[in-house]
Participant: 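So that we are looking at the same thing, I have put the structure below in structure tokens.
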Amino acid sequence: DLNGYPHYMLKEIYEQPESIENAMRGRLSDEDASAHFGGLNIDAQRLRRAERIILTACGTSYHAGIVGEYLFEEFARIPVEVEYASEFRYRNPPMDQNTIVIAITQSGETADTLAALRESKRKGHPALAICNVVGSTIAREADGGVYLHAGPEIGVASTKAFTSQVTVLTLLALYLGRMRHLSSLQGTRMIEELRRIPDVIRRALKCHDKVKQIAEKYHQYNNMLYMGRQYLFPVALEGALKLKEISYIHAEGYPAAEMKHGPIALVDKSTPSIFLVPSGSIFDKVMSNLEEVKARGGPIIAIATENDPKAEYIATKADDVIFIPDVPEYLQPLVAVIPLQLFSYHVALLRGCDVDKPRNLAKSVTVE
Ligand code: F6R
């Protein structure tokens with residue numbers, strides 16, 4: 001049921017204001033200035049004692065996991081590791097007693113993620129799942145967890161599941177943070193900021209026409225780089241993955257400052273870079289990375305904050321600028337990924353690709 005949209009991917013991109021809302025529904029508590037979850041099945045004392053969290057996943061869900069790492073470290077001050085499930089399952093890393101494993105998966109059927117979950121359970125660790133498909137194998141085998149309630153995701157390229165995963169991870173960071181050192185004032189502020197997000201995403205989607213124009217200008221290039229730092233580093237990875245999987249253009253995501261350690265050698269006039277430069281604590285640093293690319297003749301698309309007093313400055317450096325609404329840094333992944341999803345969608349269409357069913361890919365990867 002495409003509901004009037006030409007493709008599932010576009011429909012699912014446009015569902016994000018509602019799917020994010022659904023991920024939060026009934027889970028925010030003004031009274032506790034915290035989040036609640038019905039199905040975690042792990043008592044507060046055990047969670048309070050957690051000394052380490054391992055997030056394990058594949059693909060897009062792995063990128064959500066990196067955002068989760070930064071969120072848990074900032075708000076809950078818990079050491080976190082994010083592991084590709086396919087590596088984690090065979091690595092046998094030392095894990096102390098108070099380690100909690102959280103598998104992140106849209107389908108709940110990914111073979112490697114399931115094996116990582118089973119291996120963690122076998123070692124006696126509480127193994128939770130952040131999952132979309134109700135009743136899926138991982139949802140059933142996990143000790144507890146949180147559903148995304150994003151509704152079916154049909155497009156092979158994951159879009160709304162990513163933003164719902166990041167939303168649930170933000171709620172978990174709030175919950176774990178409030179058990180530890182976040183004040184009720186900080187909790188209340190986060191709740192207010194989270195409640196505004198669905199409307200913010202509605203506004204972010206208004207960049208669509210601009211993104212389409214930019215896709216028309218850039219769809220013939222065969223290599224692209226995506227650069228972001230801090231919370232936007234995983235978004236750079238996700239933007240590059242979206243482009244590769246549906247348009248078959250070679251793309252790489254990097255932490256912007258890592259450029260000079262190798263990838264900058266790729267920069268020339270036929271390799272555009274997409275820079276994530278919203279306002280925030282490291283704006284100047286990312287801009288200086290952007291200038292390094294510009295100095296070497298690389299075309300630049302910047303994703304920047306609307307109404308930013310520095311917008312004019314960005315426009316003098318970048319060839320094209322896409323504006324997104326202003327949100328606190330920890331919420332920027334939810335907003336900044338929107339133009340990247342739309343960009344890959346339009347580039348793929350312009351190249352005549354099947355956006356909903358890209359070659360060689362399956363919606364759930366049930367073999368290892
Ligand atoms: C990317 C994509 C894949 C999945 C990965 C994990 O758009 O769809 O990279 O994210 O196969 O799948 P789940 O989340 O179902 O475990």
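Both ligands and their constituent atoms are indexed starting at 1 by order of listing. Keep in mind the model is a prediction, meaning the values are calculated, not measured.
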Participant: Can you classify the ring geometry of Tyr70 versus Tyr231 as parallel (below 30°), tilted (30 to 60°) or perpendicular (above 60°)?
Facilitator: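 Judged by the thresholds at 30° and 60°, the geometry between Tyr70 and Tyr231 is perpendicular.
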Participant: What part of Lys242, side chain from CB on, backbone N/CA/C/O, both or neither, has a heavy atom under 4.0 Å from ligand 1?
Facilitator: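 Only the side chain of Lys242 comes within reach of ligand 1.
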Participant: If you measure every N or O of Ser107 against every N or O of ligand 1, does any of those distances drop under 3.5 Å?
Facilitator: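 Between Ser107 and ligand 1 (N or O atoms, distance only) the closest approach is under 3.5 Å.
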Participant: Tell me, please, which residues at least two apart from Tyr84 pass side-chain contact (heavy atoms from CB on, under 4.5 Å).
Facilitator: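 Testing Tyr84 for side-chain contact (heavy atoms from CB on, under 4.5 Å), a comparison that skips the adjacent residues, returns Tyr62, Ser86, Glu87.
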Participant: Which ligand 1 atoms, with their elements, are less than 4.0 angstrom from a heavy-atom of Ser61?
Facilitator: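 Result: 10 (O), 13 (P), 14 (O).
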Participant: Ligand 1 and Ala157, any nitrogen or oxygen pair closer than 3.5 angstrom?
Facilitator: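 No, no N or O pair falls under 3.5 Å.
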Participant: Taking the six-membered ring of Tyr248 as reference, does the NZ or CZ atom of Arg359 fall below 6.0 Å from its centre and within a 45° cone about the axis?
Facilitator: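 Here Arg359 passes the 6.0 Å and 45° test against Tyr248.
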Participant: Could you identify the single nearest non-hydrogen protein atom to atom 6 (C) of ligand 1 and state the distance to 0.1 Å?
Facilitator: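 Checked against all protein heavy atoms, atom 6 (C) of ligand 1 sits closest to Cys58 O, 3.3 Å.
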Participant: Does any N or O of ligand 1 fall below 3.5 Å from an N or O anywhere on Thr113, backbone included?
Facilitator: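 Thr113 vs ligand 1: no N/O contact under 3.5 Å.
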Participant: Sequence neighbours excluded, which residues qualify as side-chain contact (heavy atoms from CB on, under 4.5 Å) partners of Cys58?
Facilitator: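 Here the qualifying residues are Ala85, Thr110, Asp112, Thr113.
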Participant: Among all the protein's non-hydrogen atoms, which is closest to atom 11 (O) of ligand 1, and how far away is it?
Facilitator: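 Going by distance alone, atom 11 (O) of ligand 1 is nearest to Val365 CG2, 4.1 Å.
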Participant: Which residue owns the protein heavy atom closest to atom 4 (C) of ligand 1, what's the atom, and how far is it?
Facilitator: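 Answer for atom 4 (C) of ligand 1: Thr60 N, 4.1 Å.
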Participant: Within the 3.5 Å criterion, strictly below it, is a donor on Gln230 or Gln332 matched to an acceptor on the partner's side chain?
Facilitator: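 The answer is no; no qualifying pair exists.
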Participant: Nearest heavy atom to atom 2 (C) of ligand 1 wins, so pick from Met9, Lys244, Glu245.
Facilitator: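 Minimum heavy-atom distance to atom 2 (C) of ligand 1 goes to Glu245.
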Participant: May I ask you to list the atoms of ligand 1 that are less than 4.0 angstrom from any heavy atom of Val156?
Facilitator: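 Within the 4.0 Å cut-off of Val156, ligand 1 contributes 7 (O), 8 (O).
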Participant: Thr159 and Gln341: side-chain donor and acceptor closer than 3.5 Å?
Facilitator: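 Looking only at side-chain atoms, Gln341 and Thr159 do not form any donor-acceptor pair under 3.5 Å.
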Participant: Please answer whether the main-chain N or O of Thr99 pairs with a side-chain N or O of Asp96 as donor and acceptor at a distance below 3.5 Å.
Facilitator: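 Between the backbone of Thr99 and the side chain of Asp96 there is no qualifying donor-acceptor contact (under 3.5 Å).
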Participant: Looking just at side-chain N and O atoms, do Lys310 and Thr305 make a donor-acceptor pair shorter than 3.5 Å?
Facilitator: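 Distance-only check fails for Lys310 and Thr305.
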Participant: To the nearest 0.5 Å, how far apart are OG in Ser136 and OH in Tyr147?
Facilitator: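 So the gap between those two atoms works out to 5.5 Å.
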Participant: Against ligand 1, does Ser364 come closer than 4.0 Å with any heavy atom?
Facilitator: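 The answer is no, since Ser364 has no heavy atom less than 4.0 Å from ligand 1.
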Participant: Between ligand 1 and Lys363, can you find any atom pair, the residue atom being a heavy atom, that is separated by under 4.0 Å?
Facilitator: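 No, Lys363 has no heavy atom closer than 4.0 Å to ligand 1.
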Participant: Decide whether the shortest distance between a heavy atom of Leu361 and an atom of ligand 1 is less than 4.0 Å.
Facilitator: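 It does not; every heavy atom stays at 4.0 Å or beyond.
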Participant: Measure the distance from atom 12 (O) of ligand 1 to every protein heavy atom, then report the residue, atom name and distance (to 0.1 Å) of the closest one.
Facilitator: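 Answer for atom 12 (O) of ligand 1: Thr110 OG1, 3.5 Å.
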